[in-house]
Amino acid sequence: MASSHWRAYLAVIVVALILMAGALQMHGALAVYGIRPDLMLVVLIVSALFTDNFLLYLLLTLIASIGIRFAPGFGPEAFALVVVSLGVFAVKSKIVWPGLLGSAILIGAGTIAVYTLGSMQFLFRHPGIVAAEALYNIVLAAILYEVLQLITRYEKKA
Amino acid sequence: MRRPQNIILLAVFCALFLIGQWLFIPKTYVNSVIIQALQAPKVLLQSLINRHEIVTQLSDLQLENQSLRAQIQELKSSPAIIKTGKAIYVSAHVYSSYPLNNSGLILISAGADQGITKGAIVLAAPGIFLGQVTDVSGSTSQVRTIFDPDWELPVKIGDQKIDSLLVGGHEPRLTLISKKKMAHVGQAVILAAKEYPYGLTVGTVGNLKDGGADLFQEAALATSYQFGSLNDMLVVQ
């Protein structure tokens with residue numbers, strides 16, 4: 001019973017994080033030297049490692065795709081985010097290094113996959129920007145991973 | 001005999017009158033404070049008796065105040081048409097910017113309802129070119145800015161009109177500057193694309209990079225505004 005409460009608590013935290021990440025991302029907040037992190041992708045990939053409930057994760061992905069929508073309609077950015085996030089959920093059980101390293105690999109691959117789906121031309125013309133963004137995403141994902149890890153450890157103790 | 005007495009009496013009255021006038025303001029102030037203090041229990045009792053009525057009035061006033069503030073904010077936020085000389089601008093606010101790094105698009109709060117058309121020029125401030133409207137809907141428009149990595153524009157540098165190519169991006173660059181021409185940091189960079197009015201300022205020359213053995217050199221484009229913190233802009237009608 002306590003576990004289900006904690007899961008609901010965690011889901012609420014992730015939804016709040018997604019909404020916050022969307023607002024920050026759409027206003028270019030946290031940009032360093034013009035490189036903005038893909039906060040939505042970071043939150044979705046890290047949260048994929050903490051849940052096995054596909055329906056809940058699908059809901060989170062749909063919320064995120066609405067949050068990242070730049071113009072009316074379903075843009076390439078939202079499409080890439082949904083596909084990559086669901087892809088990560090599908091392959092997460094097969095990653096060789098679970099934990100922080102695994103999440104870093106998924107984030108790096110996820111960032112490249114988003115640009116492959118959204119704008120392949122940009123990936124080839126500006127690989128440095130994509131690499132810098134991937135690195136930035138990995139740093140933020142590591143912080144979020146540790147925070148969620150702390151919460152789940154606290155849950156187990158409780 | 002009585003006359004001096006009368007004069008003295010009159011003088012005393014005059015003095016008292018003057019002193020009274022002099023003390024009038026502090027006296028009324030003291031009186032008002034005392035009266036307020038004496039009236040306080042009465043006011044307290046009255047407020048306790050009419051508590052419900054006062055709370056309702058206060059609530060109504062708060063709502064009215066909030067509504068007035070909201071109306072002021074709405075008026076401030078709505079796109080306004082500005083006429084300066086021959087130019088007519090529509091002022092607009094930035095709703096959001098494209099969420100990924102591959103585009104310098106922004107969404108602004110003015111659209112077809114405000115007379116914006118596709119291709120309209122967008123300025124960061126009068127005379128400062130920022131971008132162009134690429135898509136228009138009822139009350140919003142999409143703007144491609146000079147911070148778009150895929151946008152290239154011909155520009156001219158300084159009074160010598162040195163040719164260069166502006167390459168957009170997070171840090172826009174001035175490329176293909178001939179080494180034979182002496183470009184300096186701080187020189188104005190003006191737009192020279194045939195689609196736009198000649199002479200719109202884009203920014204100034206930033207750090208110059210010598211291209212080594214190349215025939216051309218590069219420079220950073222310095223703008224007097226930060227793209228990330230740009231909230232308002234003007235659309236030329």
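Here is the naming used below: chain letters follow the sequence lines, and residue numbers restart at 1 for every chain. Side chains included, hydrogens not; waters and symmetry mates left out as well; all remaining heavy atoms used. Everything numeric here is computed off the predicted structure, so don't read it as measured data.
A:Q25 has its side chain within reach of B:L100: a pair of non-hydrogen atoms, C-beta onward, lies under 4.5 Å apart. The shortest distance between side-chain heavy atoms of B:N101 and A:V130 does not fall below 4.5 Å.
Around CG of B:D232, the count of heavy atoms belonging to other residues, nucleotides or ligands within 6.0 Å exceeds 12. Crowding of B:K179 atom NZ: a count of heavy atoms from other residues, nucleotides or ligands under 6.0 Å exceeding 12. Residue B:E195 qualifies as enclosed at atom CD: its count of foreign heavy atoms under 6.0 Å is above 12. Other residues, nucleotides and ligands contribute over 12 non-hydrogen atoms within 6.0 Å of the CG atom of B:N65. Within a 6.0 Å sphere centred on NZ of B:K161, other residues, nucleotides and ligands contribute more than 12 heavy atoms. Surrounding CG of B:D159 are at most 12 heavy atoms belonging to other residues, nucleotides or ligands under 6.0 Å away.
When heavy atoms are compared at a cutoff of 4.5 Å, A:R69 does not approach chain B at all. Heavy atoms closer than 4.5 Å to chain A are found in both the backbone and the side chain of B:L105. The part of A:V114 that comes within reach of chain B is its side chain, from C-beta onward, which places non-hydrogen atoms under 4.5 angstrom from that chain. Only the backbone of B:Y95 comes within contact range of chain A, judged by heavy atoms closer than 4.5 Å. Of the atoms belonging to A:H126, it is side-chain heavy atoms, and not backbone ones, that fall under 4.5 Å from chain B.
Top candidate by heavy-atom pairs under 4.5 Å with chain A, chosen from B:V94, B:D150, B:D135, is B:D150.
Heavy-atom minimum distance, A:Y33 versus B:H170: O-CB, 4.3 Å.
A donor-acceptor pair is defined here as one N or O able to donate and one able to accept, closer than 3.5 Å; such a pair exists between the side chain of B:S97 and the backbone of A:M26.
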